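Values in this document were obtained by computation on a predicted structure and should not be read as measured data.
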Amino acid sequence: MTTREHIADLAEYVTASPSSYHAAAVAAERLVEAGFTQLGEHEDWPIEPGRYVVLRDGAVLGWVVPDAAGPTTPVRILGAHTDSPGFKLKPKSTLIRQGWLQAGVEIYGGPLLNSWLDRELRLAGRLVTRDGATHLVATGPVARIPQLAIHLDRQVNEGLTLSRQAHTAPVLGLAGSSEQAGAADVLAVLASSAGVDPEDVDGYDVVLADAQAPGTFGVEQEFLASGRLDNLSSVHAGLSALEATADQAAAGQVIPMLAAFDHEELGSASRSGAAGPFLEEVLGRIYEGLGHAAGQSACTLSQRAQALAGSWHLSCDAGHAVHPNYSERHDPANRPLPNGGPLLKINANQRYTTDAPGAAMWAKVCRDAGVPTQEFVSNNDLPCGSTIGPITATRLGIRTADVGIALLSMHSAREMCGVDDLGHLRDAVASFFTTELSR
């Protein structure tokens, strides 16, 4: 797949994934189309080697069990997250104010609020109806958070201050006369898009998403602008790499796995987040099956410990490119640029988990893939963000390194990256899934 083909594939994936629930479901659908078997958590799982995928809410795990796998076979996990910062619908989400139909929203994570102004927005997520069925829903561009005109705020260019409560409610339409106002309803818009009766909707998890399609730009079209690059760029890299290496993995000596979690932007503390039990439970079921396949009653604790001791986890999440207008906010020596290769993210205080063995592992997989790489470290005067890397390393004891592509405008409604970095990340992850590493 060429760079342009990969960009087009990523753009299609991002467009089809306006919410974490869509991102997980679309990834699962793609793996099923590639020959993976989708498993249900309420079912017994097969013990035979094969390709498998499982969904839990907005999280998805996909993996390949090689033909020669046993109870001590290590796992190679590409960890990422499906959610992005933005806005989520509140209960009683319909607001009628000054003749306008608006949606009541709550801030989700840490978005750059001003970047969401004056953009056409979609509503997307899931509805649960009274029969217990879950319906994924995504509208077209139906909403906008309009900015106040400069004529009414002459000092706006000296500092924009947005009230999270008063100034972020998007408009969806006009409420009409008082007799018609009762018919104007945000939930009805969603239900109509999903093809269900709004009276049947008992629950919903719905977010706003930028409706503009991803697109390349720059003198040589060397940049990509898109919503949700943090962190669908990493999910897509893991998905593409797993699809591309599945045949090779079936004859290999490790279990490659894509683990894309929800709620990272909130701290990962949920049943579908990296701090929850999902990955540990899935690994437990995989190794239990491998124990049965080896003629044992179960995988022993010793075998499981051996398997995890030989395993690796790449915590893959976007990092910062050096900003030309704010260079003082970056480390003076480590200044990554778009298209310079994926980042190796390092922090002395373990906000990122990369250590010397992890750095050496990353150097090897990038070298074997012919991929450039560059380091990212924070300016000492600024706090450093964190990832799912420390969480997974702490929960499971798996050796972990933090990586990702470089972005500008992180947590904006529309972020940007270098087009070459996306293909480089995919190739590095494919190498991570297949390269022989020392234990």
Starting at CZ of R30, measure out to CZ of F36 and round the result to the nearest 0.5 Å.
-> 11.5 Å

Examine distances only and state if a side-chain atom of T82 and a backbone atom of G58 form a donor-acceptor pair shorter than 3.5 Å.
-> yes

Is the backbone of T435 close enough, under 3.5 Å, to the side chain of K364 for a donor and an acceptor to pair up by distance?
-> no

Option from S19, S84, S20 for which side-chain contact (heavy atoms from CB on, under 4.5 Å) with V207 holds | S19

Parallel under 30°, tilted from 30 to 60°, perpendicular over 60°: which one fits the rings of H6 and H236?
-> tilted

Under the 3.5 angstrom rule, does the side chain of R76 hit a backbone N or O of W312 as a donor-acceptor pair?
-> no

Hey, is CD on E12 packed in by over 12 heavy atoms from elsewhere, all under 6.0 Å?
-> no

With a 3.5 Å cut-off and no angle check, do the side chains of T72 and Q306 form a donor-acceptor pair?
-> no

Are the side chain of H411 and the backbone N or O of G110 linked by a donor-acceptor pair below 3.5 Å?
-> yes

Taking atom CD of E264 and atom CG of D317, what is their separation to the nearest 0.5 Å?
-> 5.0 Å

SB check D83 K88 (cutoff 4.0 Å) = no

K90 backbone acceptor or donor facing E106 side chain under 3.5 Å = no

Look at the side chain of R395 and the backbone N and O of L279, then say whether any donor-acceptor pair between them is shorter than 3.5 Å.
-> no

Are any of the side-chain nitrogens in E281 or R56 under 4.0 Å away from the carboxylate oxygens of its partner?
-> yes

When rounded to the nearest 0.5 angstrom, what is the spacing between SG in C417 and CG in L224?
-> 4.5 Å

Within a strict 4.5 Å, meaning less than it, do heavy atoms of the Y52 and T37 side chains meet?
-> yes

Is it true that a side-chain atom of E415 and a backbone atom of L229 form a donor plus acceptor pair closer than 3.5 Å?
-> yes

H330: partners by side-chain contact (heavy atoms from CB on, under 4.5 Å), with sequence neighbours left out = H320, V322, H323

Short question: side chain of T134, backbone of V128 - any donor-acceptor pair under 3.5 Å?
-> no

Please lay out, stage by stage, how T392 and S315 fare under the test side-chain contact (heavy atoms from CB on, under 4.5 Å).
-> CA-CA 9 Å; T392 300; S315 169; over 6 Å; no

Euclidean distance, D197 CG relative to T129 OG1, rounded to 0.5 Å = 10.0 Å

Indicate yes or no: at least one non-hydrogen side-chain atom of Y13 is less than 4.5 angstrom from one of H22.
-> no

Evaluate the side-chain contact (heavy atoms from CB on, under 4.5 Å) criterion for residues R304 and L283: first the C-alpha distance (whole Å), next the side-chain angles of each, then the deciding distance (0.1 Å), finally the verdict.
-> CA-CA 9 Å; R304 170 84 179 274; L283 289 175; 4.2 Å; yes

R329 CZ: over 12 foreign heavy atoms closer than 6.0 Å | no

Separation of L162 CG from I145 CD1 (nearest 0.5 Å) = 9.0 Å

Sub-3.5 Å donor-acceptor pair from the side chain of T354 to the main-chain atoms of D402, do we have one?
-> yes

Stepwise salt bridge (charged side-chain N to carboxylate O under 4.0 Å, His left out) test for R126 and D57 = CA-CA 9 Å; R126 62 180 178 179; D57 300 329; 3.0 Å; yes

Say whether T245 and Q248, considering side chains only, have a donor N or O and an acceptor N or O under 3.5 Å apart.
-> no

Is it true that a side-chain atom of Q102 and a backbone atom of A169 form a donor plus acceptor pair closer than 3.5 Å?
-> yes

Apply the test side-chain contact (heavy atoms from CB on, under 4.5 Å) to residues V137 and V196: give CA-CA distance (whole Å), side-chain angles for both, the deciding distance (0.1 Å), then the verdict.
-> CA-CA 10 Å; V137 59; V196 300; over 6 Å; no

